[in-house]
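Have a look at the structure below, then the notes.
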Amino acid sequence: MSNHHSKITKILDAWLDFFYLENLCRAQINAADDSNQIFDKGISIIGDNLSLHESTFKELKQQYQQVVKKGKTNDFKIAVTFPSIWRVIDNSRRFYPLFAIDISAIFTGNYRAKGWDLNSCSFQPIIPNLMEFYELDEEEAENLVTLEGLKVFLETTFKKPFQTLQDFVDLIEIPPKPYTTKRNPYLFQCSLGNWNYNLKKDLQKILDTPHSWAQPGHPAYEYLFGKPNELTHETLYGGAFPTHPPTDSQAAVLKHAQKNPLTAAFGPPGNAKTTITLHLIAQQVVKRALHLAQTGEDISNLTLVTSTNNRAVTNVEERLSPITGTERFYLSGGSKELINQQLLPKLQAALDWLQQQSFDASKLAEISAQLLAVENQIQTLQNQDQFYVKQQAADNELLKRLNVDIQVLVEEIANQERGVSTDSSHLLRSNADSHQLNLQLIKTDYSQYPFDAYLEIEPHLNNAIRALYCTKNRLNKGRNNNWWTRFQRWLVKFWRQLTKTTDRHILKRLYQQIEIPISATLATPFPFQMPLTRESLIAAKSTLAAQLEAANQWREHLGNMSNALRRLEEMKTRKLQLSEKLASIPTQENCTPSNTEHHHLQVQLFELSWQYLQLIALKRNSEVINSIKTYIAFLNGEWDAFRTIARDWRNIYRNLSLIFPVFTSTLHSIRNLFPYPDSGCIDRVIVDEAGMIPLHQAFPVLVRSLQALFVGDPMQLEPVMNLTQQTLEQYCNQAFNARGLTAEYYDLYSPTATSTATAYHRAAGANGQPGDMGQGIILKEHYRCVEPIISYCDRVCNYGMVVKTPDKPSLLGSNLIAYHVPGEYESHTNPAEVLAVERIVAQLLEAGYCINSPDNDKTIGIISPYRRQANALKSHLQSVWQDFSPGSIGTVHTFQGGEKSAIILSTRQCRSSDSLWFINRRPNLLNVAVSRAKELFILVGNLERLEQAGGYSKMLVEHISQHGELLDIAHPRHAA
């Protein structure tokens, strides 16, 4: 465990280094922030040197010395950039640096009148601003040259030679209005960043305090070093939100979340994953109500729904509001604005409700009784369901064994049938005709063999042979041929004639003895030929013995066959019965029938639990009121309230969650709601869109939590990193390699390893190798797109989807269309594609689609992988249709989580030199682009170039060719 503590420290330190890198690359800096962030007086560039007014240097030197005394030198970071570019927004200047040169080290020394050479300082490009002002595209931005120094970076990026940095300032092109630009430098504090301030403070606090959470079973520990436990299907859950019942895969997630500290759900596009969040919230309410009603002991059920994506959080809020039917139940906020506008008013309304309502003990007893009765009913039904599921599993196992046994027996019969004659094969076929056995029969058929006759003949043959041999022996005793011998022989012959023991007499008697059985053999294929000589008698005996032995073996073989066939028929009958029994049970994977059949009872259980907890809040009126007042005071920044929460956070949050069991907030604002990262102040956290979240941002909330559910899709858009490849390499060396953390740790834990180490990857226990997604539970059911559209995504991402969307033609007939536009390239845009999209939009409007709709029905969305092309589309289309919603045109990244009835994708690339690397490096971008379309997806671009590039763009063109239509923009498609 101590080894893990050392690794934790190094990992957290590496994450804190990334915060500095993020702040250094800030795209916007507000000069009106409370702290001094911008210094633009007394600063100039002379040659390659930065010159500062002495008073400015002393002011910043004093700030540096203050943080040194506190032992927090990392909290002092100063950068310089030039020229000054800003806009006035809300009466304050907002600056947009093009790059940031770190000059923090100069304040460790003394003032220099001659200035400091900036070529010796480290720097970082500010990619969003370079793309905005100087038309870099996404691929160019990622491949900026930074390792060869500041001058090489500036010359290769701006494509202008210059002798000194002062020359660069004089030569650089100035962005047009509405931006204001001055050709002089300014300093800014890059240690300050409002968006990551809380996360940074949390990580520093976690790093500086004992790691009590760092043990197996805690979600934060499992997040770093564990893997999700396997699902136990016998786990039952109680409570459901009044929405659709959980699907099979959703139920699997809910069951796993009941018993495990960390659960990961792999949520492909359009799988209604919000349903999981709602049902899990309901089960949190039920868990607390039942525990209190059954044991008298109260527990907190505070549930936090969070993400970096505001849309993911508000989507849950929109689903909660109409169903709970009250201002209570959830608190949304985190930012100062939301706290003031929404959270504080709801808390005050809750105080008013508590002060106005009176507690009704009889009502509490009534609801408690109803609650326990419904729970008992559900438990009984679930036990029955569980028994049936176990029985079903046993029947399935028995069916598998029967199939194996039947196959073995069929092979055994086939082998045995090689010993059965043709005439008897009808017996087998009548019993086993369903198996269509290929019978190979032996030559002799003993089905008509006269057993009884030959059994009667056999002893008489034996007696006759013994009599013949006895006479022969007496005749052959003397070999001499003298008169005495001859006389003896004569006497024997005379005696034999007299006693009728000659060969003729013996054979005659034999015939008389066996005449009747002989006649019984004559009408069969085995007639007995009466022997007429001693030799033929011996031959008849040998033949008879052989026949009897063969016939007995044949009869025994036939008996074995009959037994085998009887057993086979019994097995077939049992198999049929089991198959019919299993076929009568609804197919449900990994879950019990209670998911759907008992859903109304689960909803009732949730609603009763919510009523019960509100009555408990009224019963504890004064205690809950005091907790809410303390929390309000904390939100208003009163220090006494901070100290009270530090001492008594368990009771405060437990009381608060009686009325507000759900909080919603972005990850960056959680500290504003739960100031201290103490283990257990949040009972359960649900992190949505985890595939888009850098892994370090989710860690502080895990330290605060007891259980966690991560829902995300690492096959959709990964976190945006506005950093060059060379910057990423530098960060890897400085933050990981320099601390003794290997490349393996970088792939597992770096915020910049977006293809292997998102929050989802860590929660799912991925191994850090490209393509490994860990052990998340895949949500397979898809509800958004029609099958022809989503099958492309399923193909490139291997989701294994079960498409539940009904087939539906678009208003143009086909669900997939690709328009070939040869295109032209101009200033990082493709004007020919812009005009083509205009024609297509006009066609869609004529067919019945719209560019604005209150209920978002039949709406059109326009997207491009490239920001410049998206901006060109937005500018042109809004000039043609003034009411075209700005939110309906944008990059693929802006559409993550959204959907439209019809989506048009403009790919822009058209030249033979275009690599399409940005589109084809992973399936994520096209996966998101295609899956935004519910019923119609239209690809616009140079189809020949898209195919030649190979990869996912080629697969998309081929998919549309197979399942849709390939058209030329010169011949537009008419509405169906």
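What you see is a predicted model, and the numbers here were worked out from it, not measured in a lab. Residue indices begin at 1 and follow the sequence shown.
Looking at Thr247 and Thr275, their side chains never come closer than 4.5 Å, going by heavy atoms from C-beta outward. A heavy-atom distance below 4.5 Å is found between the side chains of Ile625 and Lys629. Counting only heavy atoms from C-beta outward, the side chains of Lys205 and Thr209 approach each other to under 4.5 Å. Within the 4.5 Å cutoff, side-chain heavy atoms of Phe663 are placed close to those of Leu656. Counting only heavy atoms from C-beta outward, the side chains of Pro661 and Asn301 approach each other to under 4.5 Å. Side chains of Glu222 and Pro216 form a contact here, defined as non-hydrogen atoms less than 4.5 Å apart. Side-chain atoms of Lys287 and His291, non-hydrogen and from C-beta on, never get closer than 4.5 Å to each other. For the pair Val624 and Ile659, the minimum side-chain heavy-atom distance is below 4.5 Å.
Put simply, the side chain of His599 never gets that close to the backbone of Ala240: no donor and acceptor are under 3.5 Å apart. In this structure, Asn396 contributes its side chain and Gln392 its backbone to a donor-acceptor pair below 3.5 Å. Ser669 places no side-chain N or O within 3.5 Å of a backbone atom of Thr666 that could act as its donor or acceptor partner. Put simply, the side chain of Thr314 never gets that close to the backbone of Glu317: no donor and acceptor are under 3.5 Å apart. When atom types are taken as modelled, the side chain of Tyr631 and the backbone of Leu673 share a donor-acceptor pair closer than 3.5 angstrom. At distances below 3.5 Å, not a single donor-acceptor pair connects side-chain atoms of Thr306 with backbone N or O atoms of Val687. The backbone N or O of Cys785 sits less than 3.5 Å from a side-chain atom of His782, completing a donor-acceptor pair. Without hydrogens or angle criteria, His218 side chain to Ala220 main chain gives a donor-acceptor distance under 3.5 Å. Judged purely by atom type and a 3.5 angstrom limit, Asn376 has no side-chain atom pairing as donor or acceptor with the backbone of Leu372. Counting only distance, with no hydrogens or angles, the side chain of Asn672 and the backbone of Gly334 share a donor-acceptor pair below 3.5 Å.
Partner of Tyr612 under the side-chain contact (heavy atoms from CB on, under 4.5 Å) criterion, chosen from Leu608, Ile616, Leu615: Ile616.
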Review item, side-chain donor-acceptor pairs of residues 696-712, under 3.5 Å, at least two apart:
| from | atom 1 | to | atom 2 | distance (Å) |
| --- | --- | --- | --- | --- |
| Arg704 | NE | Phe674 | O | 3.0 |
| Arg704 | NH1 | Asp202 | OD2 | 2.9 |
| Arg704 | NH1 | Pro700 | O | 3.4 |
| Arg704 | NH2 | Asp202 | OD1 | 2.9 |
| Arg704 | NH2 | Asp202 | OD2 | 3.1 |
| Arg704 | NH2 | Phe674 | O | 2.8 |
| Ser705 | OG | Val701 | O | 2.7 |
| Gln707 | OE1 | Arg684 | NH2 | 2.9 |
| Gln707 | NE2 | Ala257 | O | 3.1 |
| Gln707 | NE2 | Asn260 | O | 3.1 |

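One side chain, Tyr799 or Asp713, offers a donor N or O that lies under 3.5 Å from an acceptor on the other. Remark: the Ser300 side chain and the Arg288 side chain contain no N/O donor-acceptor pair separated by less than 3.5 Å. Under the 3.5 Å distance criterion, with hydrogens and angles disregarded, no donor-acceptor pair is assigned to the side chains of Lys255 and Gln258. Side chains of Glu607 and Gln611: a donor-acceptor N/O pair is absent below 3.5 angstrom, by distance only. Residues Asn271 and Glu781 have side chains that never bring a donor and an acceptor to within less than 3.5 angstrom of each other. Residues Ser307 and Asp688 have side chains that never bring a donor and an acceptor to within less than 3.5 angstrom of each other. Side-chain N/O atoms of Gln204 and Asp208 include no donor and acceptor closer than 3.5 Å.
Salt bridge status for Arg620 with Asp298: present, with a side-chain N to carboxylate O gap under 4.0 Å.
Heavy atoms from other residues, nucleotides or ligands lying under 6.0 Å from NZ of Lys227 number more than 12. Within 6.0 Å of CD in Glu337 there are 12 or fewer heavy atoms belonging to other residues, nucleotides or ligands.
Shown here for Ile8 and Ala214, the closest heavy-atom pair between the two residues is CD1-CB, 3.8 Å. Heavy-atom minimum distance, Val603 versus Phe241: CG2-O, 3.7 Å. In plain terms, the two heavy atoms of Pro714 and His761 that are nearest each other are CB-CE1, 3.5 Å. Between Leu262 and Pro219 the shortest heavy-atom distance is CD2-O, 4.1 Å. Between Ser665 and Gly333, the shortest heavy-atom contact is CB-O, 3.0 Å. For Leu344 against Asn340, the heavy-atom pair with the smallest separation is CD1-OD1, 3.6 Å.
Taking the ring centre of Phe266 as origin, the terminal cationic atom of Lys273 falls outside the region bounded by 6.0 Å and 45° from the ring axis.
Residues that satisfy the side chain to side chain donor-acceptor pair (under 3.5 Å) test with Thr274, not counting sequence neighbours, are Asn315. With sequence neighbours excluded, no residue forms a side chain to side chain donor-acceptor pair (under 3.5 Å) with Gln357.
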Hey, mind stepping through Asn198 and Ile670 against side chain to side chain contact (heavy atoms under 4.5 Å, CB included) and telling me if it holds? CA-CA 8 Å; Asn198 286 333; Ile670 287 172; over 6 Å; no

So Gln250 and His279, side-chain hydrogen bond (donor to acceptor under 3.5 Å, both in side chains) or not? Walk me through it. CA-CA 9 Å; Gln250 289 171 350; His279 288 315; 5.5 Å; no

Stepwise side chain to side chain contact (heavy atoms under 4.5 Å, CB included) test for Phe895 and Lys900: CA-CA 10 Å; Phe895 269 71; Lys900 296 287 183 181; 4.1 Å; yes

Given Glu899 and Arg932, is the salt bridge (charged side-chain N to carboxylate O under 4.0 Å, His left out) satisfied, shown in steps? CA-CA 4 Å; Glu899 61 182 41; Arg932 300 309 95 190; over 6 Å; no

Show, in sequence, the C-alpha distance, side-chain angles and deciding distance for Leu320 and Phe329, and conclude whether the side chain to side chain contact (heavy atoms under 4.5 Å, CB included) test is met. CA-CA 9 Å; Leu320 288 173; Phe329 196 78; 3.8 Å; yes

Under the side chain to side chain contact (heavy atoms under 4.5 Å, CB included) criterion, do Met773 and Met715 qualify, and how do the steps go? CA-CA 9 Å; Met773 304 301 170; Met715 300 304 293; 3.2 Å; yes

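Taking the six-membered ring for Trp and the full ring otherwise, Tyr330 and Phe660 have centroids separated by 6.0 Å or more.
A distance of 7.5 Å separates CD in Glu230 from CD in Gln775, rounded to the nearest 0.5 Å. Interatomic distance, CD of Gln294 versus OG of Ser368, reported as 9.0 Å (0.5 Å rounding). The structure places CG of Leu304 at 4.5 Å from CD1 of Ile682, a figure rounded to the nearest 0.5 Å. In this structure, Leu635 CG and Leu331 CG are separated by 9.0 Å, a value rounded to the nearest 0.5 Å.
By the 30° and 60° cut-offs, the orientation of the rings of Tyr676 relative to Phe642 is perpendicular.
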